[in-house]
Asks: 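Sharing a structure here in structure tokens format.
Indexing begins at 1, ligand by ligand and atom by atom, following the structure's order.
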Amino acid sequence: MEEEADERPILCERFLEFIMFHFRWVVVVPILLPLSFIFNIAFEVRNRIVHFVSSAPNAHVRKVKYIQEQLKEWSANGRKTKLVNARPGWLTMSFRFPLYKENATKIATDKLFDILELDTETMTVKVEPGVTMGQISRYLIPLGYTLPVLPELDDLTVGGLINGCGVESGSFKYGMFQHICTGYEVVMSNGELNYVVPDSAAKTVKAKQDTSLYYAIPWSQGTICFLVAATIKIIPCKKYVKLTYKSTKTLEEMCSTLTEDSNKYSEKVDFVEALLFDKNKGCIMLGEFSDGPDTQEEVINSIGRWYKKWFYTHVEDLMKKKHKTIEYIPLRDYYHRHSKSIFWELRDIVPFGNNVLFRYLLAWMCPPKIAFLKATTPNILRKMYNRSHVLQDMLVPLETLKDCVELFHDEVEIYPLWICPFHLKSQPGLMKLRDYTQKMYVDIGAYGCTTKKDYHHEKTTRRLEKKVREVNGFQMTYADVYMTRAEYREMFDVTLYDYVRSTHKCLDAFPDVYDKICRSGRR
Ligand SMILES: Cc1cc2nc3c(=O)[nH]c(=O)nc-3n(C[C@H](O)[C@H](O)[C@H](O)COP(=O)(O)OP(=O)(O)OC[C@H]3O[C@@H](n4cnc5c(N)ncnc54)[C@H](O)[C@@H]3O)c2cc1C
Ligand SMILES: NC(=O)C1=CN([C@@H]2O[C@H](COP(=O)(O)OP(=O)(O)OC[C@H]3O[C@@H](n4cnc5c(N)ncnc54)[C@H](OP(=O)(O)O)[C@@H]3O)[C@@H](O)[C@H]2O)C=CC1
Ligand SMILES: CC(C)=CCC[C@@H](C)[C@H]1CC[C@@]2(C)C3=C(CC[C@]12C)[C@@]1(C)CC[C@H](O)C(C)(C)[C@@H]1CC3
């Protein structure tokens, strides 16, 4: 990998890189945008038909049976290969393609993408793992419900957010995506179907085992069992989010105000998120479910409409004008506020994407599907991204925010920087805090190309990872991980994970989680 990052391109490669980077829109705008638009409409029509004829629950039973048969056949053939999900690499929400899938047996969890059941008495929704955040918000919000934690990008899947992790602006109150899940329907490597729920007063061996399994699944990257459905908590919601934008002038002000807002107002506030536009200037956004403006002076801003500015640029403009602003944003527009501009990644791909003319004429097809972009990224561009593109989410205790932002500034200096507080509960599993406490953490996300001269993909990332381990933080594993196996096991508590894997016959069936997330496991 070091070679890959060190590789300096020759002049003609540099020229090709330049052309491909700056003129990628030539493929994206006329081809990928219409394709994405047509795909989204076709998928939505399909989902409505499935919902109308209520075929999902029966189809679910059939699809799960097929998965069980696949696993029994693999067992009968002597368990010779490792098991992975069949979902192809180009569909996943990460920059890399999995190498560990190449000689593995692929289990058909990728056919599971329907919402199964809404239960307004227990206030839960049961969904298949391929269901996306876009699908869920489109289904639940018109019925007056939402997920307490609904990560922003439309194409993130329930299976990926549970077996990986998920965080968004409701997390300061409700924790990570795993914390809002009340039960998992899973198929073990021997083909056995099981529904696991946590039971703190478990008496029987089975209830104890299931509780351990429940806590071991998050972050395990599908190396314990196959998730075939998840039951997720829902909460009632309102039509709008009353969003208060507060500008901050120094990093100290950002850290102290964010700490106060995340801890003190948790009863009144439903969403907390911040953006830093440079080391000092930032904006904290506090959201509250609302029925709409109370007075005529208050404005509704439907930021999801195609002709509206990219959200982060809107926030930056607001901050230049006023110290504090309040807007009412339709709830679904709010949730997917970073989808239209793929956080700030689209500015490199379609540089004129935020131009007013483009917005009115063509942005109704935006955003391009990340999977289509991924499938069509040429190798030359991938090499360039390897050298200068940063993509890291570091989850660190809120009290270390200042130190960590300073380190990000020194190492990569990418703005905007995404800052999202989340409540880390005291629970067993890979993300366990060793002192058994619960704490307010914060996700610091850096996405984009760095111009730092001394940036080195591996060395810089390793320095960031070291700091994160020192402060008892965690690195999001969809991004490039350069830690060694020992360092990974220092960051994540593998006690329960190892125990569950050894008691559920996972060791010869699935790769170890490190082999899935380490850099050499991915291309
Ligand atoms: C050698 C070895 C043998 C083991 N043998 C067994 C065994 O026989 N039986 C067994 O069940 N585990 C066994 N374990 C697993 C062990 O009990 C712990 O689950 C594991 O060590 C992780 O500890 P922890 O500190 O992360 O979890 P802890 O916080 O110690 O929790 C232990 C267990 O309690 C339950 N639990 C904790 N918090 C909650 C909560 N908030 N709500 C509901 N339930 C909760 C979970 O089942 C969890 O696995 C073994 C582990 C090892 C290394
Ligand atoms: N706001 C947020 O929180 C964001 C989070 N992300 C990250 O993106 C990832 C989610 O992307 P997405 O494309 O949806 O998921 P992926 O397909 O990338 O899946 C992520 C991991 O979960 C495993 N997995 C997925 N489905 C199942 C299943 N049904 N059973 C068992 N294991 C499963 C995959 O296993 P396998 O390797 O076998 O396919 C893979 O290791 C997460 O890791 C998340 O952290 C990205 C952007 C934003
Ligand atoms: C915790 C949070 C909020 C994470 C946000 C992560 C996003 C910013 C990531 C997820 C997938 C992601 C890595 C991706 C890309 C940018 C950053 C993304 C969108 C892009 C689109 C960059 C351009 C690349 O050519 C390519 C198309 C391969 C990737 C695809 C995945």
Side-chain angles (χ1 to χ4, degrees), residues 20-21 24 28 32 67 82-98 100-101 104 106-113 128-133 149-153 155-169 171 176-178 184-187 217-230 273 338-339 341-346 348-349 367-378 381-382 384-385 389-395 418 420 422 443-449 475-480 510-511 513 515-517 521-522:
M20 286 192 178
F21 187 72
R24 196 173 178 181
V28 174
L32 299 191
I67 290 175
K82 297 281 190 220
L83 299 170
V84 295
N85 292 277
R87 193 162 198 243
W90 62 273
L91 270 177
T92 64
M93 288 294 119
S94 75
F95 181 73
R96 302 282 167 205
F97 289 83
Y100 54 81
K101 290 202 183 186
K106 299 177 185 67
I107 303 300
T109 51
D110 59 334
K111 307 282 184 297
L112 297 159
F113 42 72
E128 292 184 327
V131 166
T132 62
M133 291 304 106
V149 176
L150 205 150
E152 305 80 3
L153 294 175
D155 291 341
L156 288 163
T157 63
V158 166
L161 291 165
I162 291 170
N163 289 280
C165 71
V167 65
E168 64 91 36
S169 59
S171 291
M176 304 198 83
F177 195 80
Q178 69 201 57
Y184 303 129
E185 187 178 297
V186 295
V187 180
I217 289 172
W219 290 84
S220 68
Q221 312 284 146
T223 59
I224 292 177
C225 53
F226 291 102
L227 181 73
V228 291
E273 172 192 42
H338 296 305
S339 283
S341 51
I342 320 183
F343 281 81
W344 17 101
E345 292 286 351
L346 203 58
D348 288 339
I349 298 170
K369 273 194 99 58
I370 292 180
F372 292 173
L373 285 172
K374 201 171 165 182
T376 55
T377 304
L381 260 189
R382 293 189 68 83
M384 197 215 85
Y385 270 83
H389 189 264
V390 182
L391 225 187
Q392 285 294 337
D393 277 278
M394 297 301 190
L395 314 179
W418 192 58
C420 182
F422 68 96
D443 179 345
I444 308 178
Y447 326 114
C449 288
Q475 179 179 23
M476 267 210 187
T477 48
Y478 79 88
D480 287 348
F510 299 95
V513 61
D515 296 315
K516 275 197 167 186
I517 55 96
R522 295 164 170 178

Asks: Is Gly445 in contact with ligand 3, taking contact as a heavy-atom separation below 4.0 Å?
Replies: no

Asks: Step by step, work out the side chain to side chain contact (heavy atoms under 4.5 Å, CB included) result for Thr109 and Glu128.
Replies: CA-CA 9 Å; Thr109 51; Glu128 292 184 327; over 6 Å; no

Asks: Protein non-hydrogen atoms only, distance under 4.0 Å: does atom 16 (C) of ligand 3 have such a neighbour?
Replies: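 Yes, there is a protein heavy atom closer to it than 4.0 Å.
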
Asks: Would you say the rings of Phe510 and Tyr100 are close, in the sense that their centroids are separated by under 6.0 Å?
Replies: no

Asks: Heavy-atom pairs closer than 4.0 Å: do any link ligand 3 to the side chain of Met476, the backbone, both, or neither?
Replies: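 For Met476, only side-chain atoms sit under 4.0 Å from ligand 3.
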
Asks: What are the two closest non-hydrogen atoms of Ala479 and Leu391, and how far apart are they?
Replies: CB-O, 3.2 Å

Asks: With under 30° as parallel and over 60° as perpendicular, where do the rings of Trp344 and His338 fit, or are they tilted in between?
Replies: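 If you compare the ring of Trp344 with that of His338, the planes turn out perpendicular.
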
Asks: Does the residue Arg24 have a heavy-atom contact with ligand 3, meaning some pair of atoms that are separated by less than 4.0 Å?
Replies: yes

Asks: Kindly compute the distance separating NZ (Lys82) from OG1 (Thr223), expressed to the nearest 0.5 Å.
Replies: 10.5 Å

Asks: Identify, chain by chain and in numerical order, each protein residue with a heavy atom under 4.0 Å from an atom of ligand 2.
Replies: Val84, Asn85, Arg87, Thr92, Met93, Tyr100, Lys101, Thr109, Pro129, Pro151, Glu152, Leu156, Thr157, Gly159, Gly160, Asn163, Gly164, Cys165, Gly166, Val167, Gln221, Gly222, Cys225, Phe226, Leu227, Met476, Tyr478, Lys516

Asks: With heavy atoms only and a cut-off of under 4.0 Å, state how Asp348 meets ligand 3: side chain, backbone, both or neither.
Replies: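 Under 4.0 Å from ligand 3, Asp348 contributes no heavy atoms.
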
Asks: For the backbone of Ser94 and the side chain of Lys374, can you confirm whether one donor and one acceptor N or O come within less than 3.5 Å of each other?
Replies: yes

Asks: Would His389 count as being in polar contact with ligand 3, using the rule that some N or O on each side must be under 3.5 angstrom apart?
Replies: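 Min N/O separation from ligand 3 is not below 3.5 Å for His389.
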
Asks: For Phe343, which part has a heavy atom under 4.0 Å from ligand 3: side chain, backbone, both, or neither?
Replies: side chain

Asks: Just which atoms of ligand 3 are under 4.0 Å from any heavy atom in Trp418?
Replies: 1 (C), 3 (C)

Asks: Using a 4.0 Å cutoff against the non-hydrogen atoms of Ile370, which atoms of ligand 3 qualify?
Replies: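 Reading through ligand 3 atom by atom, the close ones are 19 (C), 30 (C), 31 (C).
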
Asks: Regarding ligand 3, does Glu345 bring an N or O atom to under 3.5 Å of one of the ligand's N or O atoms?
Replies: no

Asks: With a cut-off of 4.0 Å, which atoms of ligand 3 are near a heavy atom of Leu373?
Replies: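 Near Leu373, the atoms of ligand 3 are 27 (C).
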
Asks: Within the structure, is a non-hydrogen atom of Leu381 found at a distance of less than 4.0 Å from ligand 3?
Replies: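 For ligand 3, residue contact (heavy atoms, under 4.0 Å) with Leu381 is absent.
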
Asks: What do we get for Ser94 next to ligand 3 when only non-hydrogen atoms under 4.0 Å count, side chain, backbone, both or neither?
Replies: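 Near ligand 3, Ser94 shows its backbone, while the atoms from C-beta on stay back.
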
Asks: Determine if the distance from atom 8 (C) of ligand 3 to the closest protein heavy atom is below 4.0 Å.
Replies: yes

Asks: Give the numbers and elements of all ligand 3 atoms closer than 4.0 Å to a heavy atom of Asp443.
Replies: 1 (C)

Asks: If the cut-off is 4.0 Å to any non-hydrogen atom of Tyr385, which atoms of ligand 3 fall inside it?
Replies: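 The atoms of ligand 3 under 4.0 Å from a heavy atom of Tyr385 are 23 (C).
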
Asks: Please confirm whether Arg522 makes a cation-pi placement over Tyr478, using NZ or CZ under 6.0 Å from the six-membered ring centre and within 45° of the ring normal.
Replies: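 Pair Arg522/Tyr478 does not count as cation-pi.
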
